[in-house]
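Counting convention: from 1, in listed order, for ligands and their atoms alike. Just so it is clear, the values below take in all heavy atoms, side chains as well, and ignore hydrogens, waters and symmetry mates.
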Amino acid sequence: MVNFGIVGCGHIAGKHVNALDQIANARLVAVCDSDQKRRASFSEKYGVSSYENYDEFLKDPELEAVIICTPSGSHAAIGEKAANAGKHILLEKPFVLDTSQGKSLVELCKSKGVKLGVVHPNRVKTVVRALSEAVNEGWFGKITHASAVVRWNRSPEYFNSASWRGTIELDGGILFNQAIHNIDLLNWLLGPVDEVFAYGATQLHNIEYEDVCVCSLKFKSGALGTIEAAITLYPENLEESISIFGTQGTAVIGGKSLSKIQEWKFARFSDAEAKIQADQLNNESDQTGHKEIIEDFIKAITRNQEPLVSGEEAMKVLYLIKAIYQSTKTNQPVKITSDWSVIM
Ligand SMILES: NC(=O)c1ccc[n+]([C@@H]2O[C@H](COP(=O)([O-])OP(=O)(O)OC[C@H]3O[C@@H](n4cnc5c(N)ncnc54)[C@H](O)[C@@H]3O)[C@@H](O)[C@H]2O)c1
């Protein structure tokens with residue numbers, strides 16, 4: 001049994017509580033939020049200890065692991081305190097917003113002997129696991145190109161719902177908040193990336209960062225890629241998809257939030273065989289991924305192994321996003337070196 005506490009009792013914390021509820025060897029023991037109403041709503045509903053003060057929360061004698069669900073720009077400082085208190089850490093995406101803070105947190109967790117995992121739930125979706133297998137088994141032949149598309153709607157009410165939303169310091173930008181899931185998948189499935197070139201623009205919202213971003217990528221494998229991210233879609237979310245094309249295969253996973261196989265064709269299977277596979281996968285694919293991520297994190301703790309998305313793994317998409325932003329600012333392609341030294 002692993003005893004969890006949650007810091008930040010907002011929107012995403014609800015998904016973690018539901019997931020913990022479904023896992024036999026996980027238990028929620030404490031919650032922490034600077035907002036009295038928010039922490040009370042969780043502690044009363046789930047009958048657990050509640051803390052306003054994060055330092056006191058970390059002293060809770062039952063607490064073994066902390067799930068960090070606070071605004072993105074606060075993850076590094078909140079994670080650092082948890083590591084220093086000897087607690088295992090599961091951090092909501094984005095890991096952190098700053099590469100040097102990310103490196104420090106990875107090192108600190110190693111030195112304190114605590115596990116550090118990051119929540120990238122798309123990686124564990126059934127359809128994405130199948131796509132990963134298809135890539136790793138060479139079903140596509142030579143991969144020629146790929147694309148990640150996020151065409152979502154975020155309303156003024158969304159940005160007004162919390163003061164951190166839409167800010168560079170605490171929210172980070174469209175690539176850190178919304179598109180990170182898909183960028184992580186492109187990099188995980190087809191990376192490493194060799195070079196990026198991108199444009200960003202603030203077309204609709206009164207926010208500090210861009211609400212549309214488009215990016216071209218060249219992978220080290222020679223494959224090409226594109227990213228299109230927008231939170232301006234009228235009148236509602238349209239699509240979150242990833243497409244991979246090769247000399248012997250075509251796959252498109254789409255829907256409003258990357259949940260359904262829309263194209264699944266491989267030279268090694270007849271059309272009928274591929275359709276049966278796609279139909280079966282689509283019937284299974286309704287999970288959010290949080291439960292599977294927490295289960296994997298518990299295994300990392302109890303078996304002393306690395307989580308599926310460790311801090312080091314999460315650094316890769318952090319660097320890639322920084323490179324894309326660098327390109328939007330300089331209007332130049334950014335070549336990515338193996339030590340990421342070009343990234344500002
Ligand atoms: N994995 C996903 O699919 C997913 C989806 C949505 C959000 N997120 C991530 O989860 C994080 C939170 O997002 P959200 O939408 O739940 O935000 P939210 O605003 O709904 O909740 C954040 C909560 O943190 C509390 N808080 C802020 N600073 C605090 C502090 N220093 N100490 C204690 N409590 C503090 C706030 O009072 C609030 O209740 C963000 O990093 C976001 O990117 C991930």
Please state which protein non-hydrogen atom is closest to atom 21 (O) of ligand 1 and give its distance, to 0.1 Å? Gly10 CA, 3.3 Å

Below 4.0 Å, non-hydrogen atoms only: which portion of Cys69 touches ligand 1? Side chain, backbone, both or neither. backbone

Atom 27 (C) of ligand 1: which protein heavy atom is closest, and how many Å away? Pro71 CD, 3.3 Å

Only pairs under 3.5 Å count here: list side-chain donor-acceptor contacts from residues 208-217, not counting sequence neighbours, and write none if there are none.
residue, atom, partner, partner atom, Å
Glu208, OE1, Ile168, N, 2.8
Tyr209, OH, Asp171, OD2, 2.9
Glu210, OE2, Ile174, N, 3.1
Glu210, OE2, Tyr325, OH, 2.7
Asp211, OD1, Gln203, N, 2.6
Asp211, OD2, Gln203, N, 3.4
Asp211, OD2, Leu204, N, 2.8
Asp211, OD2, His205, N, 2.8

Between Asn122 and Lys125, is any side-chain donor less than 3.5 angstrom from a side-chain acceptor? yes

Check each of Glu239, Glu236, Glu240 against Lys256 using the salt bridge (Lys or Arg N to Asp or Glu O under 4.0 Å) test, and report the only one that passes. Glu236

Check whether any N or O atom of Glu92, backbone or side chain, sits under 3.5 Å from an N or O atom of ligand 1, and answer yes or no. yes

Decide whether the shortest distance between a heavy atom of His181 and an atom of ligand 1 is less than 4.0 Å. yes

What atoms in ligand 1 come closer than 4.0 Å to a heavy atom of Pro94? 43 (O)

Check residues 44-52 and write down every donor-acceptor pair under 3.5 Å in which the side-chain atom is one partner and the other belongs to a residue at least two apart or another chain.
residue, atom, partner, partner atom, Å
Tyr51, OH, Asp60, OD2, 2.6

Quick check with a 6.0 Å cut-off and a 45 degree axis cone: is Arg154 positioned over the face of Tyr158's six-membered ring? yes

Between the candidates Ser34, Ser163, Ser257, Gly14, which shows the shortest non-hydrogen contact distance to atom 33 (C) of ligand 1? Ser34

